[in-house]
Amino acid sequence: MSEQRKIYSLTQLNQSFEKHIWDTFSKRDFWITAELIKINQKSGHFYIELADSINDSTTARSFATIWASNYRNIVEQIGLNEVLGILQPGNKILINVKIEFHTIYGLKLKIRGIDPAYSYGEIERKRQEVIKRLKKEEIFDLQKQIRLPTIIKRIALIGSPNTSGYRDFQQELLINHDYNKFVIKEFPVRVQGDAAVKEIVAAIKDASRHDADVIVILRGGGSKMDLALFDDYEISKAICNSRLPVITGIGHENDEVVSDLVARVTFITPTAVARHIHYAISSFKEIMRELHDKSIQLSLQLLSESKEEFTHYNNYLSHYSRELIHYWRSTFQEKEYEILQKSRTLLYEGKDILAVLSHRTSSHLQRLVQQEGSQLERLLDRISDFAQQKIEREKEVNLSQVLSSVQLLSQQIIDRERIVFGNQEELLALLNPLKILESGYTISTIDDQDVKNREVKIGDEMKTLSSNYLITSKIVTKKDIKHENNG
């Protein structure tokens, strides 16, 4: 016979659990660490999902509540800002809990207290991890290598427009009297909550592409947990990689967030950022004013000294220039007369040489033409005799073929001699004295003798032959050029 089974209802089982947990755990509380996964608020109560993990693997999960009465006690103990900063998804927390079990809702943890020191330690641990990672990637100091403009006029502003720090920055920036024509491009973001990191990263990347002098990131005062947002790796990385210099004005007095460490310049408040910007402009204007005054004084001094020096050199150059002009004018006149005399001498000598060459060439060409004519006649006679003989010999053998060959050979010889004769005619034409006269030269004679071959006397009648005229003139004066040159 089988053993009889004992059967319980679910209610009985849960009631047994409830009694056991009440007897065992109701008289004591526990301090536990966990990661806050989700949090919902309703009617002043907070409903929280907690989890724990080892090596990124979830090892436990549970639900907890903070009743409104306990929440007020916790706020009184550590402050509202700290509580709101700690109760954010992703934070690791150290909490004091009472364990309860409900037959319907199961196991619940009732949170009675929060230790902020543990969360602060987690913040510092994460902060150091982010710093170490940025340095390992060699981008931690990139902003320090970017030149910060002396005067900042165009600002890409990132922050929450609804915060007092944001308004304080703009008010402080625009009320100064030295300069208030700033061009501000606003990139509104949330500075707390789940979406804040993505919005701030996107705003930094967008602002880096904007035509601005600097990027200013603002966040008013807040708790350590609130400011921990700016320890985020993605925000810090975006600041490091920005092509524009980044100025932070995150409201804190003691600890610096990672965003401050990687930024080009950092200030403790948004107002301090605005003061720095317009103070730099005021200082620059004052420096420029002093430099302007000094420049005017130095310019007047240099101008006076230069004026005296210029007057001295002007007088010296005027005197020296007059002497140089007189010297070179005399030199040029002497050279001009010398060149003129030599040119005339060379012209007359060239004219005589040309006349002699023309006469010789003409005589030589005539002889050549006569010789070539005689040779051509003799050659024609020989060709005629040779042709006649050839015709007689070949009369019976293919007379027509022989005649064609004779004609072709005769024509070739005649053409060759004609070319030679034509070349001689062209050469004769080129050396023709008439051509020389047509080029502008003339031939002067007295009693049919060239003037260079006889003594010229006043009263002699001289005939001058050009290409178009024969000019008869009477010598009135004469000047011996060769004697002058020799003297």
Side-chain angles (χ1 to χ4, degrees), residues 316-381 414-487:
Y316 172 76
L317 289 175
S318 297
H319 174 73
Y320 185 67
S321 298
R322 285 193 294 270
E323 290 184 351
L324 284 177
I325 292 172
H326 177 72
Y327 169 76
W328 285 112
R329 181 180 292 161
S330 301
T331 303
F332 287 149
Q333 289 175 349
E334 293 174 1
K335 293 296 181 182
E336 181 182 11
Y337 180 76
E338 182 180 348
I339 291 171
L340 180 62
Q341 296 302 321
K342 289 184 177 180
S343 298
R344 287 176 179 174
T345 302
L346 291 174
L347 181 61
Y348 287 128
E349 291 176 354
K351 186 177 179 182
D352 294 341
I353 294 171
L354 186 61
V356 173
L357 289 175
S358 174
H359 178 72
R360 291 178 180 177
T361 303
S362 178
S363 301
H364 181 66
L365 287 176
Q366 288 177 357
R367 288 196 301 272
L368 287 176
V369 169
Q370 291 175 358
Q371 292 175 1
E372 293 295 331
S374 300
Q375 289 180 3
L376 184 61
E377 289 177 357
R378 288 195 299 271
L379 184 61
L380 289 174
D381 291 340
I414 292 170
D415 290 342
R416 185 168 60 253
E417 294 300 325
R418 184 180 288 121
I419 291 172
V420 173
F421 184 73
N423 291 338
Q424 297 295 334
E425 273 189 327
E426 290 179 2
L427 180 60
L428 180 62
L430 290 173
L431 299 176
N432 193 336
L434 295 178
K435 287 286 186 178
I436 297 174
L437 293 176
E438 288 176 358
S439 300
Y441 292 97
T442 60
I443 300 175
S444 298
T445 60
I446 297 176
D447 297 333
D448 296 329
Q449 294 183 3
D450 197 303
V451 293
K452 74 181 184 65
N453 296 327
R454 60 164 291 163
E455 182 179 358
V456 178
K457 300 178 181 179
I458 295 175
D460 287 347
E461 186 179 87
M462 183 174 65
K463 294 181 180 181
T464 302
L465 179 64
S466 67
S467 61
N468 297 324
Y469 302 100
L470 176 61
I471 302 170
T472 302
S473 57
K474 188 174 183 179
I475 296 175
V476 178
T477 61
K478 70 172 184 176
K479 186 175 183 180
D480 193 343
I481 296 176
K482 291 184 177 180
H483 290 172
E484 291 181 0
N485 292 337
N486 294 332

Quick one: pull up [atom1] in [X] and [atom2] in [Y] and give me the separation to the nearest 0.5 Å.
X    : Y    : atom1 : atom2 : value
L354 : H359 : CG    : NE2   : 13.5 Å
L346 : I339 : CG    : CD1   : 11.5 Å
H319 : L324 : NE2   : CG    : 10.0 Å
S473 : E461 : OG    : CD    : 8.0 Å

Side chains of I475 and K457: does their closest heavy-atom pair fall under 4.5 Å?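 Side chain of I475 against side chain of K457, heavy atoms only: no contact under 4.5 Å found.
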
Flag if over 12 foreign heavy atoms under 6.0 Å of NZ, K351: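 Yes, because the 6.0 Å sphere around NZ of K351 holds more than 12 heavy atoms from other groups.
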
Does CD belonging to E336 count more than 12 external heavy atoms closer than 6.0 Å?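 Check fails, neighbour count at 12 or below.
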
Identify the heavy atoms of K474 and G459 that sit nearest to each other, and give their distance.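 Closest approach of K474 to G459: CE-O, 3.8 Å.
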
Check side-chain contact (heavy atoms from CB on, under 4.5 Å) between K335 and all other residues, then give those that pass, not counting sequence neighbours.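 Applying side-chain contact (heavy atoms from CB on, under 4.5 Å) to K335 gives T331, E338.
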
Identify which one of Q366, Q370, H364 satisfies the side chain to side chain contact (heavy atoms under 4.5 Å, CB included) criterion when paired with L368.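 So, applying the side chain to side chain contact (heavy atoms under 4.5 Å, CB included) to L368 and each of Q366, Q370, H364, only H364 qualifies.
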
Starting from the C-alpha separation in whole Å, work towards a yes-or-no answer on salt bridge (Lys or Arg N to Asp or Glu O under 4.0 Å) for R378 and D381. CA-CA 5 Å; R378 288 195 299 271; D381 291 340; over 6 Å; no

